[in-house]
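Residue numbers start at 1 and run along the sequence shown. None of the values given here were measured: they were computed from a predicted structure. Atoms within each ligand, like the ligands themselves, are counted from 1 in listed order.
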Amino acid sequence: MGDSEAAWRTIEARASGPALADLFAAEPDRVSRLTIEEAGIRFDFAKTHLDADLLGGFLKLATAMDFTAKRDALFAGEAVNVTEGRAAEHSAERGHGAPESVAIARGLHARMRALIDAIEAEAFGPVRHILHVGIGGSALGPNLLVDALGRDAGRYDVAIVSNVDGTALEDAFDRFDPGATLLVIASKTFTTTETMLNAASALAWMAESGIEDPYGRVVALTASPDAAVEWGVDETRVLPFSESVGGRYSLWSSIGFPAALALGWEAFEELLEGAAAMDRHFRLAPPEANAPLIAAFVDLYYAVVRRAETRAVFAYDERLRLLPSYLQQLEMESNGKSVNVEGEPIGRPSAPITWGGVGTDAQHAVFQLLHQGTHLVPVEFVAVTEPGHSLDEAHHRALLINCFAQGAALMAGKANPGDPARHYPGDRPSTTILLDRLDPGRLGALLAFYEQRVFANAVLLGINPFDQFGVELGKEIARSIEQEGTERFDASTRALIERALG
Ligand code: F6P
């Protein structure tokens with residue numbers, strides 16, 4: 001039995017154990033020991049079943065899995081993405097990485113800034129609307145940033161269109177003046193079907209509206225600059241990023257362009273600085289005080305030992321309403337795997353299904369199951385101390401009180417032996433992440449925390465979090481239906497295609 005199996009035995013012995021209430025009673029200093037403050041964010045893990053014993057087991061697992069060396073390899077720009085033979089250099093975008101990669105990222109950021117300055121100076125004519133087409137990591141990150149921080153920016157109207165369903169694009173056409181629109185094509189590969197089709201339709205919309213040189217109003221964000229130039233984008237308006245920055249980790253690169261334009265360059269820099277602060281914490285904080293690592297211990301405890309198949313994230317702040325969908329890609333596309341880096345079955349559950357919503361809406365929709373259902377769902381609450389609006393403080397007070405009340409209720413439950421329908425079992429775990437304020441720096445730190453937590457989970461399970469071969473088969477089949485017809489497919493698929501497409 002390897003060292004990691006021995007560590008897992010210790011951890012798995014805790015399939016049952018003290019209830020949360022008992023842990024609180026036994027450990028008077030629980031809150032201070034399991035709360036980490038970093039970069040203006042409080043991470044409270046006290047309402048999870050993590051105790052000294054479990055922590056010890058996970059620390060042994062981290063040692064057995066060579067966590068420190070693998071983290072060093074990530075930041076050194078080594079080829080940690082073993083199946084694709086390349087590095088994963090998103091941290092280099094914010095200054096933590098191999099010196100040559102950091103220098104390249106700085107150069108590319110400078111180029112991005114220069115283009116933003118030119119757009120602001122109306123070098124390409126008036127720009128009021130930004131039509132960004134991209135999908136997956138080329139849309140979710142920028143969309144979250146603009147939605148979370150752009151409410152008061154008032155600089156540009158931004159539409160981020162990902163779906164190939166023309167309705168999405170048409171909604172943007174209805175809102176935007178083609179003569180004042182900048183078309184931003186975001187695609188790491190510059191081959192993604194949805195994005196290329198949306199880009200072509202958006203360009204046609206500009207041309208049909210009488211814009212003389214629609215190509216003159218296009219910017220490309222890509223790791224395949226040659227493909228963008230071939231598509232027709234002028235070289236000076238192609239903002240490249242490194243091949244070693246993964247799609248779902250790319251908002252720090254030129255993929256963040258619409259956010260940098262809409263929020264201003266200073267805000268974008270603050271975002272990078274906040275992320276850099278979290279990187280520093282992840283690199284240097286001791287394991288027992290390392291927020292992404294402790295979060296990964298908690299994730300694995302519930303997914304592997306308690307067999308929780310999902311984890312729920314509720315943003316108790318309207319500005320963070322897109323956080324759950326952003327996290328779905330980050331977590332599920334990274335760690336939704338069945339084999340380890342050696343290609344062998346992991347033998348344990350990997351990433352749970354990430355889902356969630358916004359508080360307080362979710363309380364009136366899905367919390368019934370969380371409090372009384374048969375599934376164990378570890379919950380993550382994300383809240384912000386300072387409100388994002390100027391309405392009466394009663395709003396924010398009610399929002400935060402509801403957030404904290406839910407965590408308390410999940411944990412404490414309420415016995416009602418005579419009336420099972422009104423019995424709340426309690427002992428249901430939650431983590432609370434509390435930001436002092438929602439500003440670019442803190443948001444950057446929060447998103448870097450999630451990235452590094454995904455990495456820590458992957459290392460502890462032996463997964464490569466940086467490839468995503470699972471998404472390829474469906475794309476391949478769609479292509480072959482277009483090219484070769486339906487002959488080789490099953491009767492159900494053939495009948496559906498026949499019925500809908502003739
Ligand atoms: O299909 C999955 C995926 O490759 C994601 O990993 C990526 O973020 C998305 O597609 C978009 O890819 P691209 O940026 O190359 O268009």
What residue and atom, counting heavy atoms only, is the protein's closest point to [atom], and at what distance?
{"atom": "atom 8 (O) of ligand 1", "result": "G137 N, 2.7 Å"}
{"atom": "atom 9 (C) of ligand 1", "result": "I135 O, 3.7 Å"}
{"atom": "atom 6 (O) of ligand 1", "result": "E333 OE1, 2.7 Å"}

If every non-hydrogen atom of V313 is compared with every non-hydrogen atom of R311, which pair is closest and at what distance? CG2-NH2, 3.6 Å

How would you list, by chain and number, every residue that makes a salt bridge (Lys or Arg N to Asp or Glu O under 4.0 Å) with D436, sequence neighbours excluded? R442

Is the closest heavy-atom distance from K475 to ligand 1 below 4.0 Å? yes

Should Q329 be listed as contacting ligand 1, given a heavy-atom distance under 4.0 Å as the test? yes

Compute whether any side-chain donor of one residue and acceptor of the other, for T354 and E331, lie under 3.5 angstrom apart. yes

Between E194 and N163, does any side-chain donor sit less than 3.5 Å from a side-chain acceptor? no

Do any side-chain atoms of residues 170-188 form donor-acceptor pairs under 3.5 angstrom with protein atoms, and if so which ones, sequence neighbours left out?
from	atom 1	to	atom 2	distance (Å)
D177	OD1	G179	N	2.8
T181	OG1	D177	O	2.7
S187	OG	F190	N	2.9
K188	NZ	E243	O	2.8
K188	NZ	V245	O	2.9

Is there at least one pair of N or O atoms, one from A186 and one from ligand 1, spaced under 3.5 Å apart? no

For T195 and ligand 1, does the shortest N/O to N/O distance drop below 3.5 Å? no

For E230, look at atom CD and say whether over 12 heavy atoms of other residues, nucleotides or ligands are found less than 6.0 Å away. no

Ligand-residue contact atoms, ligand 1 with T189, heavy atoms, under 4.0 Å: 13 (P), 15 (O), 16 (O)

Should you measure from each heavy atom of S187, which atoms of ligand 1 turn up under 4.0 Å away? 13 (P), 14 (O), 15 (O), 16 (O)

Using the six-membered ring wherever Trp is involved, compare the ring planes of W265 and F268 and label them parallel, tilted or perpendicular (cut-offs 30° and 60°). tilted

Name the orientation class of the two ring planes belonging to F58 and F297 (parallel below 30°, tilted from 30 to 60°, perpendicular beyond 60°). parallel

Best match, T192, T193, L221, I185: closest heavy atom to atom 13 (P) of ligand 1: T192

At under 4.0 Å between heavy atoms, is it the side chain or the backbone of V471 that contacts ligand 1, or both, or neither? side chain

